[in-house]
Amino acid sequence: MSEELFTKLAQTVIDGEPEDAEALAKEALEQGLDPLECINKGLMVGIHKVGELFSCGDFYLPELIIGADVMKRALDVLEPALLGDQKREVVGKVVIGTVKGDLHEIGKTLVATMLTANGFQVIDIGVDKSAEEFIAAIREADADIVGASALLTTTMLQQKILVEAISEVGLRDKVKIMLGGAPVTESFAHEAGADGFAEDAISAIDLAFRLIDAPE
Ligand code: B1M
């Protein structure tokens, strides 16, 4: 039954059906399904298919935009369920954003939500953010960790620029740096001089706890 619902959720993203996506997300929660499973086994499958269809020229930019909007509609229903009761003490402060030139926000926002759900105070600075904007936010928040997301091979370079800029302004010893995003790899993060890389939102939580040396 749940598999069927996940498949339907994925299909709403491919077909561009926001109302159906919202209704299915609500139905999933009413059935007691795990919101993270709905995201990973439903919405993610759909948006990856949209990406594939775009790559091979069957879909164009409007379908990409619509697919993302459908996913966001369903996430609006599912993310509050991920957050649950926020009664934990703050374990650390994280500034997170998508790097300059990159408008992809969904993965970054999901990571921000999961970190919040696990006791981190998250300052989400949004998308298309320069190194200077990240640095201003790190200073303002006195952050323990900064997380930078990049979804394009072209904007991954901005992650490296961010690490260098953080060193140049003398903050490198004060803040841990984590990188993520579909094209990013462990070895790229290492070469860029970051403290860690996370493949998905769950590993981002593990990494954040490790970086600040706190028990999960
Ligand atoms: Co774009 N796009 N896009 N896009 N888009 C990709 C990334 C692409 C792979 C599609 C494709 O061709 N198959 C391709 C990149 C190719 C490349 O660089 N190699 C691409 C392209 C080419 C483009 C444009 C250039 C298209 C154009 O204009 N011709 C353009 C660029 C705009 C820009 O940024 N300057 C563009 C635009 C867009 C939209 C704006 C239309 C839209 C985004 C809307 C939005 O975010 N509001 C969009 C979308 C939706 C996609 C795909 C289909 C889906 C991305 C997504 O949201 N995934 C994507 C194809 C794909 O990824 N398969 C594609 C769901 C999300 C939950 O996953 O973001 O990977 P993801 O996040 C994961 C992990 O990566 C990780 O955890 C998350 C949860 O598991 N993670 C982190 C992410 N950030 C992290 C940070 C961390 C840790 C983990 O720590 C800090």
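Both counts, for ligands and for their atoms, begin at 1 and track the order of listing. None of the values given here were measured: they were computed from a predicted structure.
- The nearest non-hydrogen atom to atom 20 (C) of ligand 1, considering only Leu64, Thr113, Ile65, Leu152, comes from Leu152.
- The single protein non-hydrogen atom nearest to atom 71 (P) of ligand 1 is Gly107 CA, 4.0 Å, given as residue, atom name and distance.
- Proximity of Glu199 to ligand 1, defined as any heavy-atom pair under 4.0 Å, is confined to the backbone N, CA, C and O atoms.
- Contacts of Val111 with ligand 1, taken as heavy-atom pairs under 4.0 Å, involve the side chain alone.
- In this structure, Glu140 places its CD atom where only 12 or fewer heavy-atom neighbours from other residues, nucleotides or ligands lie under 6.0 Å away.
- For atom 18 (O) of ligand 1, the nearest non-hydrogen atom from the set Ile177, Ile202, Leu61, Thr153 comes from Thr153.
- Of the polar atoms of His104, at least one N or O is found under 3.5 Å from an N or O of ligand 1, judged by distance alone.
- Distance from atom 44 (C) of ligand 1 to its nearest protein heavy atom, with residue and atom name: Ala68 CB, 3.5 Å.
- Checking only distances, Ala198 never comes within under 3.5 Å of ligand 1, N or O to N or O.
- Looking at Asp142 and Lys93, no side-chain N of the basic residue comes within less than 4.0 Å of a carboxylate O on the acidic one, giving no salt bridge.
- Inclusion of Leu103 in the set of residues having an N or O under 3.5 Å from an N or O of ligand 1 is warranted.
- With a 4.0 Å cut-off on non-hydrogen atoms, Ala148 touches ligand 1 through its backbone and not its side chain.
- Atoms of ligand 1 lying under 4.0 Å from at least one heavy atom of Asp200, given by number and element, are 76 (C), 77 (O), 80 (O).
- Here the protein heavy atom with the shortest distance to atom 10 (C) of ligand 1 is Phe54 CD2, 4.0 Å.
- Within the structure, ligand 1 has Ala201 among the residues with a heavy atom less than 4.0 angstrom away.
- Glu3 is listed as a side-chain neighbour of Lys41, based on a closest heavy-atom distance under 4.5 Å.
- Protein heavy atom at the shortest distance from atom 62 (O) of ligand 1 is Leu151 CD1, 4.1 Å.
- Scanning His48, Met114, Glu105 for the heavy atom closest to atom 63 (N) of ligand 1 points to His48.
- Considering Ile47, Val70, Leu115, Leu36 only, the shortest heavy-atom separation from atom 52 (C) of ligand 1 involves Ile47.
- Residue contacts with ligand 1 include Asp102, since one of its heavy atoms falls under 4.0 Å from the ligand.
- Looking at Asp206 and Ser203, their side chains never bring a donor and an acceptor atom within 3.5 Å of each other.
- An N or O contact shorter than 3.5 Å links Gly51 to ligand 1 by distance.
- Under the 4.5 Å side-chain criterion, counting only non-hydrogen atoms from C-beta, His190 is not in contact with Thr185.
- Residue-environment remark: CG (Asp173) stays at or below the threshold of 12 foreign heavy atoms within 6.0 Å.
- Using a 3.5 Å distance cut-off with no hydrogens or angles, the side chains of Ser130 and Glu133 do pair a donor with an acceptor.
- For the pair Asp58 and Lys49, the salt-bridge criterion is not met [side-chain N within less than 4.0 Å of a carboxylate O].
- Under 4.0 Å is where a charged nitrogen must lie from a carboxylate oxygen, and between Glu30 and Lys26 no such pair does.
- Looking only at heavy atoms of the protein, atom 87 (C) of ligand 1 is closest to Gly180 CA, 3.6 Å.
- Open room surrounds CD on Glu199; 12 or fewer heavy atoms of other groups in view lie less than 6.0 Å from it.
- Given atom 84 (N) of ligand 1, the protein heavy atom at minimum distance is Ser149 OG, 2.8 Å.
- In this structure, atom 67 (C) of ligand 1 lies nearest to the protein heavy atom Met44 SD, 3.3 Å.
- Considering only non-hydrogen protein atoms, atom 12 (O) of ligand 1 sits nearest to Ser55 OG, 3.3 Å.
- Close N/O approach between Ala182 and ligand 1 is found [any backbone or side-chain N/O within under 3.5 Å].
- The nearest non-hydrogen atom to atom 85 (C) of ligand 1, considering only Ala150, Gly101, Gly181, comes from Gly181.
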